[in-house]
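Start at 1 with the first residue, then count along the sequence. Owing to the predicted nature of the structure, the values given are computational and were not obtained by experimental measurement.
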Amino acid sequence: MKRISKIEIKNFQSIKTEIVSKLSELNVFSGCNDVGKSNVLRALDMFFNKRNIDFYEEFNIERKAEIKQLRQKQVISVKVFFINDTYKNLPPTFFVKRTWDKSGEMSSQTDDTETWRKTQDGISSTQVRTALSMYLNKFRFKYIPAIKENSCFNTLLVELYNAIVDNKAGTAEEFEGTLSDFNSKLAKLSQELSDFFLKTAGIRSTVAIPTTAGDLAKRLAVSTYADANGEDIIPLFNRGDGIRMHYIPAILNFISDLENNKWHIWAIDEPETSCEYSKSAVLANDFVLKYAMKNQIFIASHSFHFISLAGDNVSRYRVFSKDNKSHIRLINTELFEQEELKSELGILSLLNGLQEVYDNYQKERELISANIDIIKHAEKPLLLFEGESDRILFQKAFAKLYPKERHDFIYSEPAEQKKGGAVVGEGANALAGFLYSHIPKIGDALNGKKIIAVFDNDKEGVEQYDKIAKDYEKSYYTIEIEGTSILKHKKYNVYVTKLIAPNFRRRWVHRQAKYCYLSVELLLQDNDIPEANRDYIPDTTPSKYSFKAGNKVNFSNSISDNADFSGFQETIDLLMNIKNKE
């Protein structure tokens, strides 16, 4: 939830005067090392927690020289612009400015609420002062530095402990009794927190409440399990930094759930610290989809998983150094084209592309895993095609040509359709990868079950079929069934074939892959394929065409169940012969 709309920082560390505007629920600051990203987070920590500072260490060096020459007063200030929808005795928007002088202590606080009050009837200065105090006291600000030592986790656990005590009915009185009784009363809360850790970090945990006065100093302890069965316990503090990092936002979020009458602001420096690639991706998405839903968050990061985050609740800022001063700019699409930004941040536009590739890879893995699970539990032969549109058309063809036999097979899981009709994990490459990469890994679990892979008889399909025959001849060999050559795995009941061209499509196939155009859609008659779906091939007489790329799934669904599927006959006959082969 957004409570802060803008920040103005003056004379703090590398920042001379900077305004950070258009803040969102999640705000990501990126840039090179030592340009001042963390100073924004630390300035907020100083403001909300009224930190005392080492003034001469924190004061901006450039400004110090100017002030000395002009004989002005040396001060550091942080001005925060707030959004108010809670207190009627405060304006909808206002700022609060806090100042630090040479003593290192906060020396003054000013605001602009009085200007608004003078335009209102029946509201006194005292009422405004009281409302402002109540408003500011509702904030809970937590700063997590880049170096996350054990003390950071200990502090968080203490805050979690206090949140549980202060926000669960009856526990304060029970705590005055024995800690043992208190421990049993909090057993349910411990389980809730453990479940939350499991969902967030993927690790089973237990939360131990102290039962003796000696344990009270530690307040809480988190233990994690080495495996899913929970046999071996590993203390959280003995886990790697990457694992522990997942617990930080989880704990903060749990505290904000408990303290739902407060407004929680987080400032986390390099949340990706020590996280492996996949965990960093998950963590970044969790910040957008979970944590920023009810907290306002500020992050300094080098990770492109965070830098490339996008959404209505995300603002991204570039921090760079020029003339020995930090400068902060809101990132927009135009900035991606600037050479200066590319060199500093590693070409963000390229990184965004890499993220899409990685996401697609993950989805393909999920699709393959789903098919592997089907294979392991299936008794009927499993048919694998290059894409979901092929599966749809073959199911319709089976129903029309062999209504009784259509249930003798099972089909690969429907793939996830993306915007524009493309399907994640489809294509000859994905099918071939499954055959020569994943079959060896799961083959022993097949227990003789049959898998039949069907490639299109087009350029891509034939190239992948020939690649399996040539490059993986130690695993696959050629056999003939009713005069048709196909491939079979030497160890497992895995068969590989291409579409068989019906008479009216004989010219669509060739000995050389580059002259092959027969995809599953072209097993249909010409009258079922609109001109818009035809991509005519130059210098062919009579003209041939391939099926034009587009939303193949929608096309397949649009074909009537009563269409002429005779072009599928020979390929389906081959599939049934493979099924019946001993």
Point to revise | Sidechain-backbone polar pair: Lys450 side chain, Lys579 backbone, donor-acceptor under 3.5 Å | key: yes

Check your understanding: Quick one: do the Asp471 and Tyr476 side chains pair a donor with an acceptor below 3.5 Å?
Key -> no

**Study point:** Geometric class of the Phe29/Phe298 ring pair [parallel <30°, tilted 30-60°, perpendicular >60°]
**Key:** parallel

Review point. Do you know which of Glu463, Glu386, Gln464, Lys467 makes side chain to side chain donor-acceptor pair (under 3.5 Å) with Asn429?
Key: Gln464

Point to revise | Atom of Pro271, atom of Leu283 and distance for their closest heavy-atom approach | key: O-CD2, 3.4 Å

Practice item. Determine, step by step, whether Asp85 and Arg3 satisfy the salt bridge (charged side-chain N to carboxylate O under 4.0 Å, His left out) criterion, reporting the C-alpha distance in whole Å, the side-chain angles of both residues, the deciding distance to 0.1 Å, and the verdict. Key: CA-CA 9 Å; Asp85 58 3; Arg3 295 287 176 182; 2.8 Å; yes

Exercise for review: Give the minimum heavy-atom separation between Lys380 and His407, together with the two atoms involved.
Suggested key: NZ-O, 2.7 Å

Review point. Rounded to the nearest 0.5 Å, how far apart are OG1 of Thr497 and CD1 of Ile479?
Key: 9.5 Å

Check your understanding: Got a second to check how far Ile265's CD1 is from Asn27's CG, nearest 0.5 Å?
Key -> 9.5 Å

Revision key, fill the gap. Rounded to the nearest 0.5 Å, the CZ atom of Arg506 sits from the CZ atom of Phe504 at a distance of 10.0 Å

Review point. Is the NZ or CZ atom of Arg391 both under 6.0 Å from the centre of the six-membered ring of Phe385 and within 45° of that ring's axis?
Key: no

Point to revise | Heavy-atom side-chain contact between Leu518 and Asp458 under 4.5 Å | key: no

Check your understanding: Among Lys396, Gln395, Lys400, which one satisfies side-chain contact (heavy atoms from CB on, under 4.5 Å) with Asp561?
Key -> Lys396

Exercise for review: Keeping the roles fixed (side chain from Arg318, backbone from Ser30), state whether a donor-acceptor pair exists under 3.5 Å.
Suggested key: no

Check your understanding: So do Phe455 and Val462 actually touch side chain to side chain, heavy atoms under 4.5 Å?
Key -> no

Practice item. Mind listing the closest non-hydrogen atom pair of Gly567 and Gln525 along with its distance? Key: N-NE2, 4.4 Å

Exercise for review: In sequence, state the C-alpha distance, the side-chain angles, and the governing distance for Phe565 and Phe398, and then conclude on ring pair (Phe, Tyr, Trp, His ring centres under 6.0 Å).
Suggested key: CA-CA 9 Å; Phe565 289 100; Phe398 257 108; over 10 Å; no

Check your understanding: About how many Å separate CZ of Phe306 and CD of Glu270, when rounded to the nearest 0.5 Å?
Key -> 11.0 Å

**Study point:** Expected output: side-chain Asn533 to main-chain Ile529 donor-acceptor under 3.5 Å
**Key:** no

Between side-chain atoms of residues 481-489 and protein atoms elsewhere (two or more places apart, or another chain), which donor-acceptor pairs fall under 3.5 Å?
from	atom 1	to	atom 2	distance (Å)
Lys488	NZ	Tyr492	O	3.2
His489	ND1	Lys491	N	3.0
His489	ND1	Tyr492	N	3.3

Review point. Should Asp286 and Lys290 be marked as a salt bridge (charged side-chain N to carboxylate O under 4.0 Å, His left out) after you check the CA-CA gap, both sets of side-chain angles, and the distance that decides it?
Key: CA-CA 5 Å; Asp286 283 347; Lys290 296 179 184 178; 3.5 Å; yes

Review point. With distance as the sole test, does Asn84 use its side chain to make a donor-acceptor pair with the main-chain N or O of Thr86 at under 3.5 Å?
Key: yes

**Study point:** Side chain Lys544, main chain Arg507, donor-acceptor under 3.5 Å
**Key:** yes

Check your understanding: In Å and rounded to the nearest 0.5 Å, what is the CG to CD1 distance from Leu383 to Ile452?
Key -> 5.5 Å

Review point. Can Tyr465 and Glu460 be counted as having a side-chain donor-acceptor contact under 3.5 angstrom?
Key: no

Exercise for review: Can you tell me which residue pairs pass the salt bridge (charged side-chain N to carboxylate O under 4.0 Å, His left out) test with a partner in residues 518-528, sequence neighbours excluded?
Suggested key: Arg505-Asp526

Check your understanding: Taking Gln296 for the side chain and Ile4 for the main chain, is one N or O donor matched with an acceptor at less than 3.5 Å?
Key -> yes

Exercise for review: Grab the two heavy atoms, one from Leu575 and one from Phe409, that are nearest each other, plus how far apart they are.
Suggested key: O-CZ, 3.7 Å

Exercise for review: For the pair Asn253 (side chain) and Pro249 (backbone), establish whether a donor and an acceptor sit closer than 3.5 Å, ignoring hydrogens and angles.
Suggested key: no

Check your understanding: Just by distance, with hydrogens left out, do Glu388 and Tyr411 show a side-chain donor and acceptor under 3.5 Å apart?
Key -> no

Study note, to complete from the structure: So CZ of Arg316 and CG of Leu26: to nearest 0.5 Å the spacing works out to 11.0 Å

Check your understanding: Between Tyr517 and Tyr545, is the gap from one ring center to the other below 6.0 Å?
Key -> no

